[in-house]
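Scroll down for the structure; my scribbles are underneath it.
Predicted model, so just to flag it, every value in this text is computed and none were measured.
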Amino acid sequence: MKSSKKSRKSRNYNEMSLRSCLYCCQEIRVENMHMLHMGQHITFPGERGLRHIEKKGTQKKWYKHHAIIKEVKRRSDFSADLVLIHFWSTDGDNKYEVTENTDSYNLSSHEIYIRKYKQRKYPSAEVVRRANSKKANESKYNIVTCNCEHLATWCVIGVRESRQVNFCKSLVRNLVICMIIFALCIVKTISTKPDKIVKKVAEVILLLSFLYSVHYFSYRNIYFIERYAIEKIICKSCLKMHLFDLWARFVLTLSIVILLKFYFRYTDEITTLITALIFYVTIGNIIKLIRKIHKNPYPDIKREIRRMSNIKIGDVISLNYEGSSYNIIVSSLPSERIILTKQTRGDVSGIFYDSPSLFHSGIIKERFFKLDLTRHNVMFIHYAQFRTHPSDKVVARARKRIGEKKYNWFSNRSRHFCHWAKVNEHRHKAPRTTQKETGANSDTNLRSSLLIEIVEVRIREEICIGDIVELKSFGPFTDSGIVVDIVNDAQDQIFTMNVVLKKGLVASIVKMVSCKVDLRVDHIWIHRYHPVHCYRRAEYIQRAIKKIGEVCEQWTQTRFVRDCIIRPLTPQK
């Protein structure tokens, strides 16, 4: 009996681990060619319309090309020969086929991104095998139903899907709705005395719009449920978001139809139609904000905990306790309560981000929970597919943030805090080589984007000398500069840093400002630039220090920072 239960549990867990998801993935910028490996799904800007905007320091791209890496040859820090399997035109015409190409890529001119799936169905060798199987069988290229992104996603997660095409479809739907509203507005304006024909035409258009909305809602609702329950190519978190989006937009469209019907039947004022358009745009943006609030950084694999002995220090668990839902990091377990392996009651100490209320603001704190596993519905969140910190380091990282008061509904709630403490998101630091190897491309139209990302600092260890930081000066205004020195205080989250930055608008002067920072309440962001475009860290720190006291010619602080850290282009001979 026990063996059958164990086999059933293992079978259920294997089914959950085989689930893949297209929507909960992120694209990571390649900072070093050693980040690339066989079987990865990569993207880079399409060649058509690609150029570099010097003022913004970014590449302007109209679309992204997708490919599967079969092999990496002749690899150095910032350049490599990649063997890719993708849709490609070998003769330069418009006939695209699945081919295998070997091309040289340099990060100074090519922006390469790795599409990192939270859950992927096939291992690397199987991904390459699936890509090879399409070289002779897949020849019909279609930009809507069978493009390069469809091929890459099918190789990795077993389903043909394109986020670029889905975005274009949603954009077209919104434009059609706006065009219908504008067309009705024009008809209403031209006909000063609306007759029965105009009203009938309007009612027919509204009826067709309503019927299409019902059909689209029903079809997409069944589509996402089947993909979750039968095909297992979508996670539970993304399923909830898509269903919420469908219900919200269906109700929104129904409200617009009722409002326009009332407008054409009972009133002659143009303001009602304008109100309908504003209502549609406003509610659509509110739906996006609600989706962002409910976006879950967690993995989808959860497991019910039935014994206290299954709870370990450093685990991330969710529980319903005293009428509230908590996501906590287990920080300590009383040893005398864990001796009995079959017990269902015990005390657990957890660290979590308490949500704000009318009487207190959100704060990270540690407290004891007297758990009853038969009543509190405790779930273990499984991080098998993530690279995580050791349990003692997870707890240490979480305890350093106790007392923090920077709760944010969108990006800094308890689930984000637990995920940050558990997952090791350390970036691959590129060893700096000679300028000849990393050298910037001579063609400014092909130079890759300078900025990689902007990340908020959570603990003191995340700031180093030489980082480009952005911090609030007063009100909504911020200052950006280069950190040249850090002096630690008695407490971990309180320290003083010396920052070289530009001060003033008209008569700007480069100064060294001493800033006292308390990370429990202060917001600091680090601007990470691609190392292929930057001087060595020690070199650009000296460049910034030498500018102290000089009159700054740059208009913005960002341009001043880039003047200190970004190497100028050197034409190739």
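Using a 4.5 Å heavy-atom cutoff, the side chains of V500 and K511 are not in contact. With a 4.5 Å cut-off on side-chain heavy atoms, V127 and Q40 do not count as touching. The shortest distance between side-chain heavy atoms of E149 and R115 falls below 4.5 Å. You'll find the side chain of V316 stays beyond 4.5 Å of the side chain of I328, heavy atoms only. The closest side-chain heavy-atom distance from I509 to K503 is not below 4.5 Å. Contact of the V499 side chain with the M512 side chain is not registered, since no non-hydrogen atoms from C-beta on lie closer than 4.5 Å. Using a 4.5 Å heavy-atom cutoff, the side chains of N147 and V165 are in contact. With contacts defined as side-chain heavy-atom distances shorter than 4.5 Å, the pair I313/V395 qualifies.
Comment: E539 does not engage R567 in a salt bridge, judged by the lack of any side-chain N to carboxylate O separation of less than 4.0 angstrom. Looking at R29 and E453, no side-chain N of the basic residue comes within less than 4.0 Å of a carboxylate O on the acidic one, giving no salt bridge. For R163 and E161, the salt-bridge test fails: no basic side-chain N is under 4.0 Å from an acidic carboxylate O. Remark: R528 does not engage D467 in a salt bridge, criterion side-chain N to carboxylate O under 4.0 Å. In this structure, D81 pairs ionically with R74, as a charged nitrogen and a carboxylate oxygen lie closer than 4.0 Å.
Taking all atoms of both residues into account, the shortest heavy-atom contact from K502 to S508 is NZ-OG, 3.4 Å. Across all non-hydrogen atoms, the minimal contact from A421 to V394 is O-CG2, 3.6 Å. Scanning both residues, H41 and H66, for their nearest heavy atoms gives NE2-ND1, 2.9 Å. Q557 and T478 get closest at one heavy-atom pair: OE1-O, 3.5 Å. When all heavy atoms are compared, the tightest approach of C564 to I482 is CB-CD1, 3.8 Å. Closest approach of E111 to F44, counting heavy atoms only: O-CB, 3.1 Å.
Separation of the W525 and H527 ring centroids does not fall under the 6.0 Å cut-off. A centroid separation of 6.0 Å or more is found between the aromatic rings of H150 and F87. Aromatic pair Y96/Y141: ring centres closer than 6.0 Å. For H65 and H86, the distance between ring centers is under 6.0 angstrom. Aromatic rings of Y353 and Y407 (six-membered ring for Trp) have centroids within the 6.0 Å cut-off, being under it.
For R48 (side chain) and Y63 (main-chain N/O), no donor-acceptor pair under 3.5 Å exists by modelled atom type. Counting only distance, with no hydrogens or angles, the side chain of T102 and the backbone of V83 share no donor-acceptor pair below 3.5 Å. In this structure, the side chain of S514 does not engage the main chain of N498 through any donor-acceptor pair within 3.5 Å. No donor-acceptor pair closer than 3.5 Å links the side chain of D563 to the backbone N or O of R559. Here the side chain of H110 pairs a donor or acceptor atom with the backbone of N106 at under 3.5 angstrom. T496 places no side-chain N or O within 3.5 Å of a backbone atom of K516 that could act as its donor or acceptor partner. Formation of a donor-acceptor pair under 3.5 Å by the E100 side chain with backbone atoms of K70 is not found in this model. Y540 contributes a side-chain N or O that, together with a main-chain N or O of G466, makes up a donor-acceptor pair within less than 3.5 Å. Although no hydrogens or angles enter the test, the distance criterion places a donor-acceptor pair under 3.5 Å between the side chain of R75 and the main chain of L36. Checked by atom type and distance alone, the side chain of S480 never pairs as donor or acceptor with a backbone atom of E470 at under 3.5 Å.
Cation-pi geometry between R130 and W154 is satisfied (NZ or CZ under 6.0 Å from the ring centre, within 45° of the ring normal). Under the 6.0 Å distance and 45° angle rule, K64 counts as a cation-pi partner of Y113.
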Hey, mind stepping through I381 and I317 against side chain to side chain contact (heavy atoms under 4.5 Å, CB included) and telling me if it holds?
CA-CA 6 Å; I381 299 174; I317 62 175; over 6 Å; no
Begin from the C-alpha positions of K60 and W62 and carry the test side chain to side chain contact (heavy atoms under 4.5 Å, CB included) through to its verdict.
CA-CA 7 Å; K60 182 179 179 182; W62 295 103; 3.7 Å; yes
Apply side chain to side chain contact (heavy atoms under 4.5 Å, CB included) to C534 and I566, showing your working.
CA-CA 5 Å; C534 301; I566 302 297; 3.9 Å; yes
Can you check side chain to side chain contact (heavy atoms under 4.5 Å, CB included) on D492 and I459, steps first, answer last?
CA-CA 8 Å; D492 291 335; I459 56 177; over 6 Å; no
Test log, rule side chain to side chain donor-acceptor pair (under 3.5 Å), inputs H530 and E31:
CA-CA 6 Å; H530 203 290; E31 303 177 39; over 6 Å; no
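Residues passing the side chain to side chain contact (heavy atoms under 4.5 Å, CB included) test with S411, sequence neighbours excluded: N408.
No hydrogens or angles considered: a donor-acceptor pair under 3.5 Å links the side chains of H533 and S448.
Summarising the local packing, CD1 of I363 is surrounded by more than 12 heavy atoms from other residues, nucleotides or ligands at distances under 6.0 Å. The neighbour count for E462 CD, taken as heavy atoms of other residues, nucleotides or ligands under 6.0 Å away, is above 12. Counting non-hydrogen atoms of other residues, nucleotides and ligands closer than 6.0 Å to NZ of K240 gives a total of 12 or fewer.
In this structure, C148 SG and L84 CG are separated by 11.5 Å, a value rounded to the nearest 0.5 Å.
Among pairs with a residue in residues 393-403, those fulfilling side-chain hydrogen bond (donor to acceptor under 3.5 Å, both in side chains) read E366-R399, K400-E461, R401-E404, R401-N412, at least two apart in sequence or across chains.
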